[in-house]
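Just so you know, these numbers use all the heavy atoms, side chains as well, and skip hydrogens, waters and symmetry mates. All residue numbers refer to positions in the sequence shown, counting from 1. Atoms within each ligand, like the ligands themselves, are counted from 1 in listed order.
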Amino acid sequence: MNPFYVTTPIYYVNARPHLGHAYSTVVADVLNRFHRMCGQETYFLTGTDEHGDKVVRAAKDEGLSPLVYAEQVSELFKTLWPELDIEYDYFIRTTDHVHVKVVKEILQKIYDAGDIYFSEYEGAYCFGCERFYTERELVDGRCPDHNTVPEVIRESNYFFRMSRYQDWLVEYIETRPDFIRPERYRNEVLAFLREPLEDLCISRPKTRLQWGVTLPFDDRYVTYVWFDALLNYVSALGYPDSDLFKRFWPNVHHVIAKDILKPHGIYWPIMLRAAGIPQYRHLNVHGYWNVDESKMSKSLGNVVEPLDLKNQYGADAFRYFLMREMVFGLDCNFSEKALVQRINSDLANDLGNLFSRSLTMIHRYFEGIVPKGDLAPESNLDLDMKSAALRSVRECREAMEEFAFNKALMAIWRFINQTNKYIDVTAPWELAKRKAQREQLQAVLYNVMEGLRVIAGLIYPVMPRTAQLMQKHLGLPSADAFQKFEDLDVWGRTIPGTKLPKTVSLFPRIEQDKAQSTGHETLEPTDEMPHRKPEISMEIFQRIDLRVATVLDAELVPRSKKLLKLRVHAGEEFNIVAGLAESHKPEDLVGKQVVVVANLKPAKLMGILSHGMVLTAANKDSCRLITVDGPSEPGTPLS
Ligand code: ME8
């Protein structure tokens, strides 16, 4: 069934989980859910990297043994992921016995094959990185990561003969354009491989470090933490003989950030080659999240805690922001203000408003029962909803396959906006006024329900909770599951006659605090608050003749509850019949200045010819006249 295996880095337990860890793990979860929707059998691995000097030092700072300390921090990661709706299949810890056994087996295998040798070495060692640096790698004699001067140490150690595999690796990468992607990281690895590749020191004497996996061929040493960590990707599947390993390993996608490109792009393929294990399929490398334009760091105090954001804004909104904001492969800036803006505009305004206005209409006009979707052949009410939906399904799928999550979401949002426009243009509230247009009303609202079904299906990988909530309220059988991608490719799956539950609001708007407010807040959407109308040019707008008018006389129209007949002076005098009787007394209007459309085609209302229209701000609860803020000469044009 075309298996799909996705991994995240296994995170060091020397720090609490932060935004960057959350991003990689959400990416893996999104991919996993997407491939499940495509009908594939999937496996998702994450975990913690617990050995090494860094962990020993962090444990010491806490006054704990490395194992107790590692257990505590590992638990933080393990319990965070479900909070973010991350559904991993397996959580590996490098202190697991099964993992340690595999590390030893593979070390022995490579040693027996002659690719690990013993030698004395003197070199510049960075304790922060737990590795030796060559002169060439240092920047002004300092470690490029820690900016510290490495200590020169002389040691006898075991070395992994990486140099032997350099030519093979170059050729392997060059002949497989998507082995490492995006391309910029592939180029980075190839550039590094243009210089001679040195053998890798893969042991640490126990006199210096005991917290690690003991070498099977020399118990005075533990292995280098990277040699241990990388093997998690195969040990977690039950290497070498398990069924899981055989099925999933050939289809593995690693997800990492650029910081660990070298171990994954160079050490790992060579380790696999030396151990006789087939290569991984793809290495997918993303950029770094910075916070308020600076690198995230404990010392700057700007480390972003994913759990805080989830508690404040909800898991789906947080996941949406991560996927929508970052272009996979490039760095991205995090700010809470940007997160709130996305929630308000994309989630509350676009998606939330579409969902609530649509369902309110189904409840209002059809007592909550999905109407029939058959269209009269002469009707053009389905416009191009169907093709817009299918286009968005196709574009979303293509983008997801390329890891272009932001583009996938843009394709979905284009369709959300098209559906909102479809409602504005077809104006179901107008159709509802006339019995003769009942069929059209049914057809329009059926199309809207169907559009919402497709939208719910498409957002599932990124926003699983919202997708399922929408599905429940759309009366879909997959309320607590996900829709298959192939079902999104077909228009007309919504079943007429389905009774829908009472509707809910998907995303409440979030008030930006005063300091952050843009001053351009839009109103809380109501059920019939129309979405913005399709764009028009200035030229079209200018064809509307808006003028200040003084009301000269006003009287009730006989036999009408709503209409008033007004005599206005707008440069010249004419009559307007306006629906103001329920909100205004005729005598209060006389002498008032209002704004009128002066070039509207005359129309007869209750037998009286009306030559214009009075502008009001009206909804079902109130009706206010638009006026000028001081006396103006009647007929003054508005601009
Ligand atoms: O490197 N932006 O663990 P680690 C985006 N144990 N992603 C970030 C990030 C940021 N600012 N900061 C961290 C290790 N990450 C090793 C890995 S794998 C066999 C061993 C994410 O805890 C990103 O995925 O330092 C990065 O590659 C990873 O956390 C590094 O996690």
Side-chain angles (χ1 to χ4, degrees), residues 6-29 31 45-55 58 70 73-74 76-78 80-81 86 91-96 99 102-103 106 128-131 145-146 180 185 211-213 223-236 252-269 271-272 280 283-298 300 302-306 321-323 325-335 403 405:
V6 65
T7 69
T8 70
I10 47 171
Y11 305 111
Y12 283 131
V13 288
N14 64 342
R16 295 171 58 79
H18 61 60
L19 176 70
H21 304 127
Y23 177 74
S24 307
T25 319
V26 169
V27 164
D29 188 64
L31 288 166
L45 174 70
T46 188
T48 42
D49 189 355
E50 304 185 7
H51 288 129
D53 208 36
K54 278 186 201 187
V55 176
V73 183
S74 179
L76 293 179
F77 281 93
K78 201 169 181 174
L80 170 64
W81 302 142
I86 288 164
F91 189 98
I92 190 165
R93 300 180 51 191
T94 52
T95 45
D96 291 342
H99 170 75
V102 169
V103 174
I106 292 180
C129 301
E130 298 175 30
R131 58 170 278 216
D145 277 353
H146 294 88
I180 299 173
Y185 296 112
W211 184 235
V213 178
T223 193
Y224 173 41
V225 67
W226 270 105
F227 210 94
D228 163 6
L230 287 161
L231 289 169
N232 89 89
Y233 300 132
V234 293
S235 73
V252 59
H253 282 255
H254 294 312
V255 173
I256 61 162
K258 62 183 185 179
D259 56 334
I260 51 177
L261 176 61
K262 193 170 159 192
H264 283 82
I266 296 177
Y267 308 169
W268 184 221
M271 283 168 68
L272 288 169
Y280 59 78
L283 179 64
N284 305 284
V285 189
H286 64 78
Y288 245 43
W289 281 95
N290 297 320
V291 173
D292 294 327
E293 312 293 347
S294 322
K295 200 171 168 179
M296 201 170 16
S297 81
K298 258 193 203 161
L300 285 177
N302 64 352
V303 176
V304 176
E305 294 257 350
F321 176 78
L322 294 181
M323 294 299 106
E325 203 73 3
M326 184 179 251
V327 176
F328 193 89
L330 302 180
D331 289 355
C332 186
N333 188 55
F334 176 87
S335 83
F403 281 56
F405 307 108

Within the distance-only criterion (no hydrogens, no angle test), does the side chain of [X] pair as donor or acceptor with the backbone N or O of [Y] below 3.5 angstrom?
| X | Y | value |
| --- | --- | --- |
| Tyr280 | Leu272 | no |
| Thr94 | Glu50 | yes |
| Asp331 | Tyr288 | yes |

Heavy atom of [X], distance to ligand 1 below 4.0 Å:
| X | answer |
| --- | --- |
| Ala15 | no |
| His264 | yes |
| Lys295 | no |
| Tyr23 | no |

*Min N/O separation Trp226 to ligand 1 under 3.5 Å*: no
*Please say whether Pro9 places an N or O atom under 3.5 Å from an N or O atom belonging to ligand 1.*
no
Element-labelled atoms of ligand 1 that are located less than 4.0 Å from some non-hydrogen atom of [X]:
| X | answer |
| --- | --- |
| His286 | 5 (C), 7 (N), 24 (O) |
| Met296 | 11 (N) |
| Asn232 | 19 (C) |

Which of these, [options], has its nearest heavy atom closest to [atom]?
| atom | options | answer |
| --- | --- | --- |
| atom 1 (O) of ligand 1 | Ile92, Val304, Ile260, Asp331 | Ile260 |
| atom 18 (S) of ligand 1 | Ile10, Val13, Asp259 | Ile10 |
| atom 5 (C) of ligand 1 | Gly287, Ala229, Ala22 | Gly287 |

How far is [atom] from its nearest protein heavy atom, and which residue and atom is that?
| atom | result |
| --- | --- |
| atom 25 (O) of ligand 1 | Tyr12 CD1, 3.6 Å |
| atom 19 (C) of ligand 1 | Tyr233 OH, 3.5 Å |
| atom 24 (O) of ligand 1 | Ser24 OG, 2.6 Å |
| atom 15 (N) of ligand 1 | Gly20 C, 3.7 Å |
| atom 29 (O) of ligand 1 | His21 CD2, 3.4 Å |
| atom 31 (O) of ligand 1 | Tyr11 CD2, 3.6 Å |
| atom 13 (C) of ligand 1 | His18 CE1, 3.6 Å |
| atom 2 (N) of ligand 1 | Trp289 N, 2.8 Å |

*Value rounded to 0.5 Å, distance of CG in Leu230 from OG1 in Thr7*: 10.0 Å
*Could you grab the distance from atom OH of Tyr12 to atom OG1 of Thr48, nearest 0.5 Å is fine?*
12.5 Å
*Flag side-chain contact, heavy atom, 4.5 Å: Leu31 against His253*: no
*Could you check if a side-chain atom of Val213 sits within less than 4.5 angstrom of a side-chain atom of Tyr224, using non-hydrogen atoms only?*
no
*Looking at residues at least two apart in the chain, or sitting in another chain, which of them share a salt bridge (charged side-chain N to carboxylate O under 4.0 Å, His left out) with Lys295?*
none
*Flag the pair Trp226 / His264 as yes when their ring centroid distance falls below 6.0 Å, and as no otherwise.*
yes
_Phe334 and Phe321 aromatic centres sub-6.0 Å_ = yes
*Could you pull out the closest heavy-atom pair between Thr8 and Ala28, with the gap in Å?*
CG2-CB, 3.7 Å
Residue portion contacting ligand 1 (non-hydrogen atoms closer than 4.0 Å) for [X]:
| X | answer |
| --- | --- |
| Leu19 | neither |
| Ala257 | both |
| Lys258 | neither |

*Do the side-chain N and O atoms of Tyr11 and Thr25 include a donor-acceptor pair separated by under 3.5 angstrom?*
yes
_Residues in side-chain contact (heavy atoms from CB on, under 4.5 Å) contact with Cys129, at least two apart in sequence or another chain_ = Cys126, Arg131, Tyr133, Cys143, Asp145, His146
